[in-house]
Asker: 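Structure provided below as structure tokens; questions to follow.
This chain uses plain numbering: 1 for the first residue, then up along the sequence. In what follows, every heavy atom counts, from backbone to side chain, and hydrogens, waters and symmetry copies are set aside.
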Amino acid sequence: MGERRDFVDGLKASLKVMAYSACKVIFKLLYAPLKTLPVNERKVLFLSRQDDEISLDARLLIKELRNQNPHIEVAIICCRVKPSLKSKMVFGVCLVKSLYHLATAKVCILDSYWPTVSVLRHKSSLKVVQIWHALGKIKKSGKASLGLPGGRERRIANVMEMHQGYSFVIAGGKMWNDFYCESFGVSESVIRNVGLPRIDYLLNNKQRLKESVFRKYPELSKKPVVLYAPTFRRGGKDGFAALAGALDADEFNIVLKSHPNHEIPLAGKAMSCPSAATLELLAAAEYLITDYSAIALEAAAIGVKTYYYVYDYDWYCATSGLNIDLFSEMPGCVFRDGKSIAQALLSEYPQASFERYRSKWLFENIGHSTEAIADIVFGEAGLSRN
């Protein structure tokens with residue numbers, strides 16, 4: 001029975017590789033005549049698979065680019081890929097649509113892998129700026145996790161040339177650089193450690209965001225907010241019920257914010273606050289509880305006390321992998337069970353541990369990321385300032 005299953009799985013994987021290879025040929029045929037079109041020196045293309053709407057980072061960057069040159073032309077394609085066949089077909093249309101813009105833009109900015117960026121050979125004038133959707137690489141991803149149960153299938157990733165073709169990679173602190181290089185298969189020379197626009201936004205608007213949350217959910221203003229925001233898991237167990245059952249709901253407001261790819265059921269007396277975005281809730285939180293998510297770095301940037309709930313630590317290390325040892329990096333803040341976190345919340349927070357983490361893993365010149373990225377786009381990437 002096991003041999004038959006292995007044969008079927010192998011056959012399915014081979015058929016996928018053949019299908020993706022055929023798609024590459026089609027994209028190349030469609031792209032060839034478009035590459036004869038002239039380049040618009042003022043045109044910047046934004047691509048994202050993270051959501052169907054443009055991200056906060058992209059919105060803030062576009063605003064800054066237009067402040068520096070009101071005459072730039074901006075093209076935007078956002079398409080979140082869901083498991084359904086319809087969603088995948090829509091994404092296919094978006095990929096075809098992106099061909100024209102890749103052929104005519106001076107700069108392409110993306111926040112995740114976009115197939116036609118990596119599998120095609122573009123004009124030398126096109127510069128591709130990868131603004132990854134996280135401030136660091138706490139967990140392994142991309143090429144670093146190929147072949148792991150929680151990573152991408154190696155053969156398909158190789159066929160689709162995952163993360164090829166980046167001119168610049170926007171990153172957080174320099175201590176993460178080796179992990180960015182491993183994840184994207186790039187040299188450190190293309191990395192720019194300037195952070196993300198959302199950090200400027202959080203620093204400049206923390207109080208306003210907090211007040212906005214309290215207007216939407218007045219009950220949150222009556223007790224300290226504990227925000228639980230875990231990372232995405234491919235498989236594994238959901239440990240929120242155990243955590244919610246351990247936390248003292250009389251002392252704290254417990255708010256759950258699931259990852260967009262993994263909806264977690266509410267448990268205990270927790271709230272979901274659907275009308276508030278994750279960054280709004282983070283600004284309103286007294287404490288963040290997360291696991292392997294880079295939201296911990298956003299919390300560090302604005303001083304939100306952070307605990308790590310790693311109930312599946314051994315499983316996660318084996319299936320997805322981590323780049324850093326959380327227990328040694330954040331002593332006194334990392335726990336395997338909810339009861340220990342509940343006790344920690346009622347005790348003095350290990351602030352010295354938190355400050356060491358901030359100084360080691362955050363980037364320099366914090367609060368000026370948007371302007372710094374815009375300078376890269378206009379300067380090194382060559383988007384016209386005129």
Asker: Distance-only check: which donor-acceptor pairs under 3.5 Å involve side-chain atoms of residues 81-89, not counting sequence neighbours?
Answerer:
| unit_1 | atom_1 | unit_2 | atom_2 | d |
| --- | --- | --- | --- | --- |
| K82 | NZ | D52 | OD2 | 3.2 |
| S84 | OG | S87 | N | 3.2 |
| S87 | OG | K82 | N | 2.8 |

Asker: Are the side chains of H101 and C108 in contact, using a 4.5 Å heavy-atom criterion?
Answerer: no
Asker: May I have the step-by-step check of salt bridge (Lys or Arg N to Asp or Glu O under 4.0 Å) for E329 and K360, ending in yes or no?
Answerer: CA-CA 9 Å; E329 295 295 339; K360 180 177 181 179; 2.9 Å; yes
Asker: Is a side-chain donor-acceptor pair under 3.5 Å present for Q50 with S55?
Answerer: no
Asker: Hey, is R121 close enough to E161 for a salt bridge, meaning N to O under 4.0 Å?
Answerer: yes
Asker: Please state whether the rings of Y307 and Y287 are parallel, tilted or perpendicular, taking 30° and 60° as the class boundaries.
Answerer: parallel
Asker: Quick check: does any side chain N or O of T231 sit under 3.5 Å from a backbone N or O of S293, one acting as donor and the other as acceptor?
Answerer: no
Asker: Kindly indicate, with the supporting measurements, whether the criterion salt bridge (Lys or Arg N to Asp or Glu O under 4.0 Å) is fulfilled by E73 and R42.
Answerer: CA-CA 6 Å; E73 180 180 330; R42 296 175 178 174; over 6 Å; no
Asker: May I have the step-by-step check of side-chain hydrogen bond (donor to acceptor under 3.5 Å, both in side chains) for K106 and N40, ending in yes or no?
Answerer: CA-CA 6 Å; K106 179 64 177 178; N40 183 341; over 6 Å; no
Asker: Pair V334, Y313 - check side-chain contact (heavy atoms from CB on, under 4.5 Å), show working.
Answerer: CA-CA 10 Å; V334 187; Y313 187 81; 5.8 Å; no
Asker: So, K137 and E182, do they make that salt bridge, N to O below 4.0 Å?
Answerer: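 Not counted as a salt bridge, because no side-chain N and carboxylate O are separated by less than 4.0 Å.
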Asker: Answer with yes or no whether the side chains of D111 and S48 bring together a donor and an acceptor at under 3.5 Å.
Answerer: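 Looking only at side-chain atoms, D111 and S48 do form a donor-acceptor pair, the distance falling under 3.5 Å.
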Asker: Do T306 and Y357 have side chains that approach each other closer than 4.5 Å (heavy atoms only, starting at C-beta)?
Answerer: no
Asker: Should D314 and R336 count as an ion pair when the cut-off is N to O under 4.0 Å?
Answerer: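 Salt bridge between D314 and R336, a charged N being under 4.0 Å from a carboxylate O: yes.
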Asker: Take L203 and I302 through the test side-chain contact (heavy atoms from CB on, under 4.5 Å) and record every step on the way to the result.
Answerer: CA-CA 6 Å; L203 291 169; I302 61 172; 3.9 Å; yes
Asker: Please confirm whether Y180 and W132 have ring centers closer than 6.0 angstrom.
Answerer: no
Asker: Are F91 and W114 near enough that their ring centres are under 6.0 Å apart?
Answerer: yes
Asker: What is the ring orientation for Y316 with Y292, classed by angle as parallel under 30°, tilted 30 to 60°, or perpendicular over 60°?
Answerer: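 Because their plane-to-plane angle is under 30°, the rings of Y316 and Y292 count as parallel.
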Asker: When you look at T104 and K43, which way does the side-chain hydrogen bond (donor to acceptor under 3.5 Å, both in side chains) test go after all the steps?
Answerer: CA-CA 8 Å; T104 55; K43 183 175 179 179; 2.8 Å; yes
Asker: Does the pair E355/R358 count as a salt bridge with the N-to-O cut at 4.0 Å?
Answerer: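 Yes, this pair counts.
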Asker: Do the side chains of I76 and I62 get nearer than 4.5 Å, heavy atoms only?
Answerer: yes
